[in-house]
Amino acid sequence: MMQNDVVVIGGGISGLSLAFYCVKAGMKTTMLEKNDTIGGSFASPHYNANGKKFWLELGAHTCYSSYQNLLDIVEACGIKDKIIPRAKVPFSLFIDGKVKSIVSQLNILELLSSAPNIFKLKKEGQSVKSYYSKIVGEKNYREVISHFFNAVPSQLTDDFPADMMFKSREKRKDVLKNYTFKEGLQSVARAISAQSGLNVFTSQEVTSIKYVDDLYEIRTANGGEYSAKTLVLATPSMVTSKLLRDIKPEISSHLGQLKAADVDSLGVIVRKENISLKPVAALISPNDVFFSVVSRDTVPDDNYRGFVFHFKPGLDDKTKRTRVTEVLGVSFSKIEHTFSKVNTVPSLRLGHHQWLEKTNILLKKEKSLLLTGNYFGGMAIEDCVSRSRSEFDRMKG
Ligand SMILES: Cc1cc2nc3c(=O)[nH]c(=O)nc-3n(C[C@H](O)[C@H](O)[C@H](O)COP(=O)(O)OP(=O)(O)OC[C@H]3O[C@@H](n4cnc5c(N)ncnc54)[C@H](O)[C@@H]3O)c2cc1C
């Protein structure tokens, strides 16, 4: 059995950032990832066309100057010079087969009469629907704005806690307000996984964990066996809950209270000359079979354009392909390459802060068990890295 100081289960940004802190502290660290690549919702696969690479984001696509913990890691990995700006192209609506601006769909009178509420109302204790329908007006919220909110975690967000949707954080002045990386966000994942002292094993789905003589024994579906003094679980909440069922039943059942949604994403790559759609950052189509179509037009390429459709779960291939061709106005034969991925995102609800407080109380006596992920302080990349940072500090403190 391979012995380690730390085993990290899950190779998304939560697991990667915590692994980064551990290796920097000189701990022998192993990461186990179920998929054949690391990155999780932070994955930018490449299409190789005539010796040139074209990447596409199948999950997260934008980082901000307020992502201070992430930026610290980016700097420590020596890839700050790989940060690039995103082209200013619009987020638009797709209604009745036509691309429309957001402003054209808003009731401006309702907006102007509601907007002053922003100075009076507090987000704390309010759902996204109750808070934002007072800020933009009920009709504007229902017909336009709610669809943009739903596009963020690719699910209905009416009941999300308003203060967990968009957070204001201190910004760094020396970094672009919003940005990506030369080869997509996965550049960060690759840079972390290349750190010396970190062993990364992909295609390793962890199926069981035992705790024997102060050591965690971790087994994977294909027969891998690892042991560690400290265990990091950086998997979606229901996976973490399942893996902890036998060794930490109370924590497992507490995690089991959370809900999550699967996002079924289909990325398509088209030669530029085959598509006439004007450049967009994303298309949102109210009440459609997808939550959003995120485009690569934010980092234009000489030859190709790419679009990722974040579909509602449970659709068959034919339905998805048909909608892709209708929205892009190209036949499927003109699509040169496709990528698919299913990501998991938390379905946060009011009361999450109390849930989190209880989680941290339960973990107080568990110095060798660290839990991170996108279901603690929020689902943005910076929330994940901040959670990893505070779990690392808890272990050290
Ligand atoms: C479509 C989409 C767009 C987004 N856009 C943005 C954005 O622009 N900006 C932003 O800040 N945030 C964005 N987010 C949110 C952010 O990307 C995610 O919350 C974050 O990347 C999640 O990271 P994570 O490591 O917690 O989870 P994940 O990325 O889900 O990683 C968990 C990993 O655990 C692995 N795993 C699961 N089970 C096992 C097992 N049994 N054994 C081993 N490994 C296992 C999974 O394969 C996965 O790789 C977006 C999310 C999505 C889905």
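Excluded from the calculations below are hydrogen atoms, water molecules and symmetry mates; all remaining heavy atoms, backbone and side chain alike, are included. The shown structure was predicted, so the numbers you read here are calculated from the model rather than taken from an experiment. Order of appearance sets the numbers: ligands from 1, and atoms from 1 within every ligand.
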Output field: ring centroids Y131/F160 closer than 6.0 Å: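 Between Y131 and F160, the centre distance exceeds or equals 6.0 Å.
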Ring centroid separation F148 to F91 under 6.0 Å: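 Ring centroids of F148 and F91 are no less than 6.0 Å from each other.
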Would you call [X] and [Y] a salt bridge, taking side-chain N to carboxylate O under 4.0 Å as the test?
{"X": "D5", "Y": "K229", "result": "yes"}
{"X": "R169", "Y": "E382", "result": "no"}
{"X": "K259", "Y": "D159", "result": "no"}
{"X": "R172", "Y": "D174", "result": "yes"}
{"X": "E124", "Y": "K122", "result": "no"}
{"X": "K52", "Y": "D301", "result": "no"}
{"X": "K320", "Y": "D264", "result": "yes"}
{"X": "D246", "Y": "K210", "result": "no"}

Number the atoms of ligand 1 from 1 as they appear, then name those within less than 4.0 Å of a heavy atom of [X], with their elements.
{"X": "V345", "answer": "53 (C)"}
{"X": "A234", "answer": "32 (C), 34 (O)"}
{"X": "I9", "answer": "42 (N), 43 (C)"}
{"X": "T235", "answer": "34 (O), 36 (N), 37 (C), 38 (N), 39 (C), 45 (C)"}
{"X": "V239", "answer": "38 (N), 41 (N)"}
{"X": "H310", "answer": "1 (C)"}
{"X": "Q204", "answer": "42 (N), 43 (C)"}
{"X": "T62", "answer": "7 (C), 8 (O), 9 (N), 10 (C), 11 (O)"}

Minimum-distance protein heavy atom relative to [atom]:
{"atom": "atom 35 (C) of ligand 1", "result": "E33 OE1, 3.2 Å"}
{"atom": "atom 34 (O) of ligand 1", "result": "G10 CA, 3.4 Å"}
{"atom": "atom 25 (O) of ligand 1", "result": "S14 N, 3.0 Å"}
{"atom": "atom 31 (O) of ligand 1", "result": "G12 CA, 3.5 Å"}
{"atom": "atom 23 (O) of ligand 1", "result": "I13 CG2, 3.6 Å"}
{"atom": "atom 40 (C) of ligand 1", "result": "V206 N, 3.7 Å"}

Exercise: do E217 and S227 side chains pair donor with acceptor under 3.5 Å: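 The criterion, which ignores hydrogens and geometry beyond distance, is not satisfied for S227 and E217.
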Between S390 and D393: side-chain donor-acceptor atoms closer than 3.5 Å: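 Not at all, the side chains of S390 and D393 share no donor-acceptor pair under 3.5 Å.
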Under 3.5 Å between some N or O of ligand 1 and some N or O of [X]?
{"X": "K34", "answer": "yes"}
{"X": "P236", "answer": "no"}
{"X": "V263", "answer": "no"}
{"X": "C384", "answer": "no"}
{"X": "T344", "answer": "no"}
{"X": "Y64", "answer": "no"}
{"X": "N374", "answer": "yes"}
{"X": "S265", "answer": "no"}
{"X": "M379", "answer": "yes"}

Nearest candidate to atom 21 (O) of ligand 1, where distance is taken over non-hydrogen atoms, out of S41, A221, A60, C63: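 The option holding the nearest heavy atom is S41.
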Distance to the ring centre below 6.0 angstrom and angle to the axis at most 45 degrees; does that hold for [X] and [Y]?
{"X": "R296", "Y": "F307", "value": "no"}
{"X": "R323", "Y": "F309", "value": "no"}
{"X": "K248", "Y": "Y211", "value": "yes"}

Close approach of E382 to ligand 1, heavy atoms, under 4.0 angstrom: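 No, E382 has no heavy atoms under 4.0 Å from ligand 1.
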Non-hydrogen atom of Y67 closer than 4.0 Å to ligand 1: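 True for this residue.
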